[in-house]
Amino acid sequence: MALKNLEDLLGEDVSGRYVLVRSDLNVPLDGNKITDDGRVRAALPTLKRLAEAGAKVVVTAHLGRPKGEPDPKFSLAPVAAKLTELLGVDVPLAGDLVGESAKATVAGLTDGQVALLENVRFDARETSKVEAERQELAAELAALVPGGAFVSDGFGVVHRKQASVYEIARALPAYAGGLVLAEVDVLKKLTEDLARPYVVVLGGAKVSDKLGVIANLLTKVDRLLIGGGMAYTFLKAQGHEVGNSLLQEDQLEQVRGFLAEAEKRGVELILPVDVLAATGFAADAEFDVVDAKSIPAERMGLDIGPKSRELFAGKLADAATVFWNGPMGVFEFESFAGGTRAVAEALVKSDAFTVVGGGDSAAAVRQLGLPEDGFSHISTGGGASLEYLEGKELPGVAVLGEND
């Protein structure tokens, strides 16, 4: 089903019309400082196009996980400042979401101006499990923008039924923003008419976070490379010693099932052959390179080792399609960033269609100073990407197809 999109909306002449945009501005903060503004920059094209067309643009977004009430440390003030800087015009921040400040801020907008509402998760109805409560909030958001339209441009949240994502798309004429449309097109390339070999690299901390996607990918991929903290549960499932490394004992049987399924289907499942085994979880921890099958009892693996990096790069060299989600080690610590860098650099060198699946992987690319244009696509939504690849419907996308 073709989704109504930003081009359709712009074709209707939005000059002087309110447009409510759901963006994903959930950026990492150190105090009040944004440490990675990738999601803000990704939101800019849609906001700029609407503003240049003369729309009165009202942006709603979340930051962090407040407990359904205002919390100063989760204020969108740093984001409003960053939007002001990047757009080159003042972006006022309302002091609330649908209260008096929001009403006054929206009413004061001129044609082509952008304003930001305060954190949508300061209202418990946003994430309520009660549909009527979400509908109530959506109705109040819609009332802020009389005669307006809704543009869904926060791909990082389209896998959730939340008021500002799902119910609002039923309360206003709804359109897919450029970012959401691009993300969906990329994911279709990963699931329909694949160019092979298709290689997926999964990392990150926990196997349990990726059970569904692993099960589904085993029916589709040619090669599956496993690194990061989750690799130690796979190694343990094979009967190897993993020392003090991150381990999910309750997932061992599930992982043994994955190993058997991969063998049955002829999927090449690649695990680290060596790791950096550290004395503790710290940036300055001492470490040795050890065989992945015999990590000393008092050590923990914090990154894949040099042989594993070479192995993984080799397994990516002939790929035609690659999806990568999750770092190979604790990339935030310089000493344990080498594995993640090796995978990223292998993808930059590759001629394959390469997709970085959001979250920590995207943050690593930027933190390690790698060229973002070296990848075919860097997703803004790790969880949404994984759920799509798991075969699940994305409610925030499906609802946009209801407006035809």
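Throughout, residue positions are numbered sequentially from 1 according to the sequence presented.
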Here the gap from Leu194 atom CG to Phe353 atom CZ, rounded to the nearest 0.5 Å, amounts to 10.0 Å
Any ion pair linking Lys4 and Asp8 (charged N to carboxylate O, less than 4.0 Å)? no
Stepwise side-chain contact (heavy atoms from CB on, under 4.5 Å) test for Arg121 and Lys67: CA-CA 8 Å; Arg121 290 189 183 172; Lys67 301 185 186 301; over 6 Å; no
Is the backbone N or O of Phe331 less than 3.5 Å from a side-chain atom of Thr340, with the two atoms forming a donor-acceptor pair by type? no
From CD1 (Ile214) to OG1 (Thr219), nearest 0.5 Å: 12.5 Å
Qualifying ring-ring contact (aromatic ring centres under 6.0 Å, His included) pairs, either residue in residues 286-317, two or more places apart: Phe287-Phe336
Between Thr46 and Ala43 (side chain of the first, backbone of the second, donor and acceptor by atom type, cut-off under 3.5 Å), is there such a pair? no
Test side-chain contact (heavy atoms from CB on, under 4.5 Å) on Tyr388 and Thr191; report intermediate values, then the result. CA-CA 9 Å; Tyr388 190 98; Thr191 52; 3.7 Å; yes
Would you please say whether a donor-acceptor pair under 3.5 Å links the side chains of Ser208 and Gln248? yes
Would you find a donor on one side and an acceptor on the other, under 3.5 Å apart, between the side chain of Ser75 and the backbone of Ala77? yes
According to the side chain to side chain donor-acceptor pair (under 3.5 Å) rule, which pairs have a member within residues 266-289, sequence neighbours left out? Arg223-Glu268, Glu268-Lys315, Asp274-Ser308, Asp288-Arg299
So, the side chain of Asp303 versus the backbone of Gly339: is there a donor-acceptor pair under 3.5 Å, distance only? yes
Atom pair CD1/CG of Ile295 and Asn244 - distance to nearest 0.5 Å: 10.0 Å
Would you call Glu249-Lys236 a salt bridge at under 4.0 Å N-O? no
Leu202 pairs by side chain to side chain contact (heavy atoms under 4.5 Å, CB included) with which of Asp209, Asn325, Val207, Leu225? Asn325
Evaluate salt bridge (Lys or Arg N to Asp or Glu O under 4.0 Å) for Arg256 paired with Glu253, printing each intermediate quantity in order. CA-CA 5 Å; Arg256 289 186 187 107; Glu253 279 306 309; 2.6 Å; yes
For Ala102, is there any backbone N or O sitting under 3.5 Å from a side-chain donor or acceptor partner on Asp96? yes
Spacing of CG belonging to Leu386 relative to CG belonging to Leu211, to within rounding of 0.5 Å: 11.5 Å
Kindly compute the distance separating CG (Leu187) from CG (Leu394), expressed to the nearest 0.5 Å. 7.5 Å
Write down the atom of Ser152, the atom of Gly396, and the distance for their closest heavy-atom approach. OG-O, 4.3 Å
State plainly whether the residues Lys307 and Glu310 are in salt-bridge range, i.e. N to O under 4.0 Å. no
Look only at the side chain of Asp318 and the backbone of Pro197, and say whether a donor-acceptor pair between them is shorter than 3.5 Å. no
Any donor-acceptor pair under 3.5 Å linking the side-chain atoms of Ser164 with those of Arg22? yes
Any chance the side chains of Gln135 and Tyr166 put a donor and an acceptor closer than 3.5 Å? no
Verdict with reasoning, Glu387 to Arg160, per salt bridge (Lys or Arg N to Asp or Glu O under 4.0 Å): CA-CA 10 Å; Glu387 291 207 8; Arg160 299 286 182 254; 3.2 Å; yes
Evaluate Tyr198 against Phe323 for ring-ring contact (aromatic ring centres under 6.0 Å, His included), listing each step before the verdict. CA-CA 8 Å; Tyr198 178 26; Phe323 176 76; 8.0 Å; no
Taking NZ, NE, NH1 and NH2 as the nitrogens, is one of them in Glu345 or Arg341 under 4.0 Å from a carboxylate oxygen of the other? yes
Heavy-atom donor-acceptor pair, Asp37 side chain to Val40 backbone, under 3.5 Å: no
Which side-chain N or O atoms in residues 176-186 pair as donor and acceptor under 3.5 Å with protein atoms at least two apart or in another chain?
residue	atom	partner	partner atom	Å
Glu183	OE1	His377	NE2	2.9
Glu183	OE1	Ser379	OG	3.0
Glu183	OE2	Ser379	OG	3.4
Glu183	OE2	Thr380	N	2.7
Glu183	OE2	Thr380	OG1	2.9

How far apart are the C-alpha atoms of Lys73 and Asp71, what are their side-chain angles, what is the distance that settles it, and do they pass the salt bridge (Lys or Arg N to Asp or Glu O under 4.0 Å) test? CA-CA 6 Å; Lys73 72 173 180 278; Asp71 185 336; 3.3 Å; yes
Note: Asp123-Arg134 ion pair, threshold 4.0 Å (strictly below): no
Under the 3.5 angstrom rule, does the side chain of Asp360 hit a backbone N or O of Ala362 as a donor-acceptor pair? no
Salt-bridge contact Glu131-Lys161 (side-chain N to carboxylate O under 4.0 Å): no
Side chain Thr354, main chain Ser350, donor-acceptor under 3.5 Å: no
So which of Glu167, Glu69, Glu136 actually passes salt bridge (charged side-chain N to carboxylate O under 4.0 Å, His left out) with Arg125? Glu136
Is Lys103 salt-bridged to Glu140, cutoff N-O under 4.0 Å? no
Indicate yes or no for a side-chain donor-acceptor contact from Thr84 to the backbone of Val91 under 3.5 Å, with no hydrogens or angles considered. yes
Lys/Arg-Asp/Glu bridge criterion (N-O < 4.0 Å) met for Glu126, Arg65: no
Below 30° counts as parallel, above 60° as perpendicular, anything between as tilted: where do the rings of Phe375 and Trp324 land? tilted
